[in-house]
Amino acid sequence: MELNFQTIDLELALPWATSRTAQPGGIRTSKVVHVCLSDENGVEGFGEAAPIRRYDETAESVAHFLRSFPVQDLSLNSIADSVALIAGTGSGQMAARCALESALLDLAGKRSRRPVWELLQIERPEPKPVSYTIGIGSVDHVREQVRRAANFRILKLKLGGPDDRAALQALRSLASDKIVRVDANEGWSGREQALRMIEWLAEDPRIEFVEQPLSAKLPDDDHRWLFERSPLPLMADESCHRTADVSRLAGSFHGVNVKLMKTGGLTEGVQCLQTARRLGLKTMLGCMIESTLGIAAAFQLAGLADYLDLDSHVLLARDPFAGLELNGGILSLSGEELRPGLGVPPKRGQVKPSSRR
Ligand SMILES: [Mg+2]
């Protein structure tokens, strides 16, 4: 097998900010690394890494991981062993692992003419509504984003910014009755402030849940305190990375947001979702700023998720991959037929992660 990869700047259609974005006015581009594994017959499998700076990941650290990975030890004859090798080599760098495992499963699926969800022995992903995410910004910027989301039934509003009340008001001025999911991205400063904010949000009957109100660095006691008092369901994102976290969080959150860039790939993502369901937790699949390639990997697991927050490809000015459809805010794979692998090819004339290792 041959491994190639390439760093790509994904350009956003509008500036993008959350409570943790350092750049004033938000970011305009976001780096991902596209990985390609090819077999002796030239069949290619693709995967995407969207490195998370908060966890010391950058395009450079992804490249370093890939360059030093023992690709000669990967085998398509034993997918389980190869997945274990990807999970067990080195430390950290979950986005890089995710890209490599995605490419391996895409390639294995294409060779055996089976979709990845079938290789993983999970439910077929059926078309399902996704939320459209409204980033932090001025009232005018919030309104502009809400206008772009006209076809979506569900909005996800980023809070924890300078004026949360003005942001919700701006959203409601254009979308008075849409379901809204709130994500504070750890932006509220302590449990008392978070409770006040959630009680205020609960006055709006169309708010469905609140994601990560408090810093993941706070003791479990703080999350539990809020969980016991919150009038709205609480979802863990920054507090939940892998299966061990899911088990710890029952009793502090009502559900978990599983992202492949945190789990390090699809196999661990399945574990997280299945563990959460066994524990009676709600399940959500989320994303970083990813193209259709990353979103398609997560969508393979959609049969295990109650909520889909898989919309970052829609926020891009240009998407290097194709093959997902969004009709009326419902996400599906294009076409009726079962598509082998991840089901999304690079667009013609677009990326072919062809740069050398
Ligand atoms: Mg989140």
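Each ligand, and each atom within it, is numbered from 1 in the order the structure gives. Here, residue 1 is the first one in the sequence, and each next residue gets the next number.
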For the Mg ion (ligand 1), what is the number of protein N, O or S atoms at a distance under 2.8 Å?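 There are 3 of them.
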
Verify the distance criterion only: is there a donor paired with an acceptor across the side chains of [X] and [Y] at less than 3.5 Å?
{"X": "Asp183", "Y": "Gln212", "answer": "no"}
{"X": "Trp200", "Y": "Asp164", "answer": "no"}
{"X": "Glu57", "Y": "Ser61", "answer": "no"}

Pairs where residues 138-184 contributes a residue and the test ring-ring contact (aromatic ring centres under 6.0 Å, His included) is met, not counting sequence neighbours: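 Pairs touching residues 138-184 that pass the test: Tyr132-Phe152.
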
ring-ring contact (aromatic ring centres under 6.0 Å, His included): which pairs involve residues 280-320, sequence neighbours left out?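 Pairs touching residues 280-320 that pass the test: Phe209-Tyr307.
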
Which residues pass the side-chain hydrogen bond (donor to acceptor under 3.5 Å, both in side chains) test with Glu48, not counting sequence neighbours?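 Checked Glu48 against side-chain hydrogen bond (donor to acceptor under 3.5 Å, both in side chains); matches are His34, Ser291.
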
